[in-house]
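Here's the structure we're looking at; comments come further down.
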2 protein chains.
Amino acid sequence: MASARRIPQATVSRLPLYLRVLGEAALETGTISSEMLAARAGVNAAQVRKDLSYLGSYGTRGVGYEVGYLVREINRRLGLDADRRVAIVGAGNLGQALASYGGFPARGFHVVAAFDADPAKVGGLVGGAVVQPSAVMLEVLVDKGVDIAIITTPASAAQAVADTLIAAGVACILNFAPVSLSVPDHVILRQVDLGIEMQILSFYQHRVAARA
Amino acid sequence: MASARRIPQATVSRLPLYLRVLGEAALETGTISSEMLAARAGVNAAQVRKDLSYLGSYGTRGVGYEVGYLVREINRRLGLDADRRVAIVGAGNLGQALASYGGFPARGFHVVAAFDADPAKVGGLVGGAVVQPSAVMLEVLVDKGVDIAIITTPASAAQAVADTLIAAGVACILNFAPVSLSVPDHVILRQVDLGIEMQILSFYQHRVAARA
DNA sequence: GCTTGTGAAATCTTTCACAGCA
DNA sequence: TGCTGTGAAAGATTTCACAAGC
């Protein structure tokens, strides 16, 4: 049993992937081997076993892992068994896409507020929340007790939005605006740049093209 | 001079970040030190120097790096100096968001085709391309000479789309559908799951909350 | 016999610390 | 003097290989 051990970052970033694969596999089987899970997740089987060993000894030798049980354990360790109140700042296409992301409600993420600086967008819906103007953001964030905020504004607005979020006591921010935000140490911030993946892809295509 | 050396994966994934920071810095200064670049990118200065050393010796001791020159070199090494013909499959919110991503035209990514299975979306615009029905996808992909395809369909449609892409000879795929695609070895595939970042964030929030 | 769980080895990445140069 | 470029050390991650257990 290793469940007290610290889970390495690299493992944490793969757990959601396993969760997705297990969700698909659950429709077909009740038990899965590290080999099968690895094949469907596109990683090495030893890696799957080591990753899962950080959660504890949940497999059965000679058999594999019980899918339902594993799903519950991973969910628990990722904190996905708790409900989270999410705010989306920026009601553009990306904000809409995230709000309607199928996995959100199932993982306990509830969109309880949405904001946009554009008066034309105010009053619309984003994942069940009515879009409100930026002016009331601070007040509404506090009022709704928002746990996690997602920034999908243009880069130029993102830092000001982050400052308001922090003033409202939001401690968890997921930033999709292509700009590096500066936030206090206690705030948990993750930056995602959709363009970066295209650029990395470009690098590998470039290499392959050069080889040909 | 180290430019012949193989660039490590970890470095490749940071180069687009440096590019973004340099783009911002270019407005203020012509020269930047590894220390400043590191601070704005949120990494260690030694790491910046080592990363840049894989590209060659482009800095000046006692001074720093010439921003414009560095931008050009990184662009070149990432293959961003070449034009790429991009197709977007799935004209929903995420497809729209990506198509209108500001960085695309500037990096040589041109959206030359867009597709959707929904007849209501056909005829609309995605980043300057007219949305066409899925039936003509194979033909149009070949016809337009698409280099990179972006999948933003629901998970259920993604594998069939990928098969068509591969049949059309598209060798580079960026998949946003939350499902693992299986493709032949020669195809360069990158999977991005927008939900994964939320789940990782959840883990870290969970940990902090537990400590309190 | 089959598959997990895990030390140990191999590999990759980050950071240190300083020589070398403008 | 100030900052780069880089060996070497430290640290993290991945993979191997096999004992342990069903």
Side-chain angles (χ1 to χ4, degrees), chain A residues 1-18 21-22 25 29-71 73-74 77 200 203-204, chain B residues 1-18 21-22 25 29-71 73-74 77 200 203-204:
Chain A
M1 176 65 142
S3 98
R5 233 186 301 178
R6 184 192 134 278
I7 304 181
Q9 272 204 12
T11 294
V12 171
S13 67
R14 274 187 302 267
L15 290 178
L17 173 61
Y18 297 157
V21 172
L22 290 169
T29 175
T31 298
I32 194 167
S33 67
S34 61
E35 193 96 35
M36 276 196 282
L37 180 41
R40 299 181 66 153
V43 303
N44 179 296
Q47 179 145 269
V48 167
R49 290 198 297 276
K50 185 137 278 189
D51 283 342
L52 297 182
S53 81
Y54 292 116
L55 305 180
S57 298
Y58 296 138
T60 308
R61 288 164 204 241
V63 179
Y65 300 87
E66 207 257 285
V67 176
Y69 187 59
L70 201 49
V71 166
E73 279 309 312
I74 297 178
R77 291 306 280 274
I200 297 175
F203 173 79
Y204 289 110
Chain B
M1 176 66 140
S3 97
R5 233 186 302 180
R6 185 191 136 278
I7 305 181
Q9 272 204 11
T11 295
V12 171
S13 67
R14 274 186 303 267
L15 290 178
L17 173 60
Y18 296 158
V21 171
L22 289 169
T29 175
T31 297
I32 194 167
S33 67
S34 61
E35 193 96 37
M36 275 195 282
L37 179 41
R40 298 182 66 154
V43 302
N44 179 296
Q47 179 144 267
V48 167
R49 290 199 297 276
K50 184 136 278 192
D51 283 342
L52 296 182
S53 80
Y54 292 116
L55 305 179
S57 299
Y58 296 137
T60 308
R61 287 163 205 244
V63 179
Y65 300 88
E66 206 257 285
V67 176
Y69 187 61
L70 201 49
V71 166
E73 279 309 312
I74 296 178
R77 291 306 282 273
I200 297 175
F203 173 81
Y204 289 110

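Residue numbers start from 1 in every chain, and the chains themselves are labelled A, B, ... in the order their sequence lines are given, proteins ahead of strands.
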Derivation of the side-chain contact (heavy atoms from CB on, under 4.5 Å) call for B:Ile7 and A:Phe203: CA-CA 10 Å; B:Ile7 305 181; A:Phe203 173 79; 4.3 Å; yes
Atom [atom1] of [X] to atom [atom2] of [N]: distance rounded to whole Å?
X: A:Asp51; N: D:dA12; atom1: CG; atom2: P; answer: 16 Å
X: A:Ile32; N: C:dC2; atom1: CD1; atom2: P; answer: 18 Å
X: B:Tyr58; N: C:dA22; atom1: OH; atom2: P; answer: 17 Å
X: B:Tyr54; N: D:dT6; atom1: OH; atom2: C1'; answer: 10 Å
X: A:Glu73; N: C:dG5; atom1: CD; atom2: P; answer: 12 Å
X: B:Leu70; N: D:dT4; atom1: CG; atom2: C1'; answer: 13 Å
X: A:Leu52; N: C:dT6; atom1: CG; atom2: C1'; answer: 13 Å
X: A:Glu66; N: C:dT4; atom1: CD; atom2: P; answer: 14 Å

Under the side-chain hydrogen bond (donor to acceptor under 3.5 Å, both in side chains) rule, collect the residues that match up with A:Ser33, sequence neighbours excluded. none
Check the surroundings of atom CD in A:Gln47: do more than 12 heavy atoms from other residues, nucleotides or ligands lie under 6.0 Å from it? yes
Neighbour count above 12 (heavy atom, 6.0 Å) for B:Glu35 CD: no
Using heavy atoms to find the nearest nucleotide of DNA chain D for A:Ala10 and B:Gly59 separately, return the residue whose nucleotide is more 5′. B:Gly59
Given B:Tyr58, which of B:Tyr65, B:Tyr69, B:Tyr18 fulfils the ring pair (Phe, Tyr, Trp, His ring centres under 6.0 Å) condition? B:Tyr69
Calculate, to the nearest 0.5 Å, the distance between atoms [atom1] and [atom2] belonging to [X] and [Y] respectively.
X: B:Met36; Y: B:Thr31; atom1: CE; atom2: OG1; result: 8.0 Å
X: A:Leu15; Y: A:Ile74; atom1: CG; atom2: CD1; result: 5.5 Å
X: A:Leu55; Y: A:Thr11; atom1: CG; atom2: OG1; result: 8.5 Å

Return the minimal non-hydrogen interatomic distance between A:Asp51 and A:Arg14, and the atom names on each side. OD2-NE, 2.7 Å
Side-chain N or O of B:Tyr65 versus OP1/OP2 of C:dA22: is the shortest distance under 4.0 Å? no
Between A:Ser33 and C:dT3, is there a contact of a side-chain N or O with OP1 or OP2 at under 4.0 Å? no
Compute the angle between the rotation axes at the two ends of the helix from C:dG1-D:dC22 to C:dA22-D:dT1, each taken over five pairs, rounded to 10 degrees. 10°
Remember a base hit wins even if backbone is also touched, and classify A:Ser34 as base, sugar-phosphate or nothing at under 4.0 Å, heavy atoms. sugar-phosphate
Mind checking B:Gln9 for me? I need base, sugar-phosphate or nothing, with any heavy atom below 4.0 Å counting as a touch. sugar-phosphate
Each nucleotide of nucleotides 16-22 of chain D classed B (base within 4.0 Å of a protein heavy atom), S (only sugar-phosphate) or -, in 5' to 3' order, makes BB-BBBB
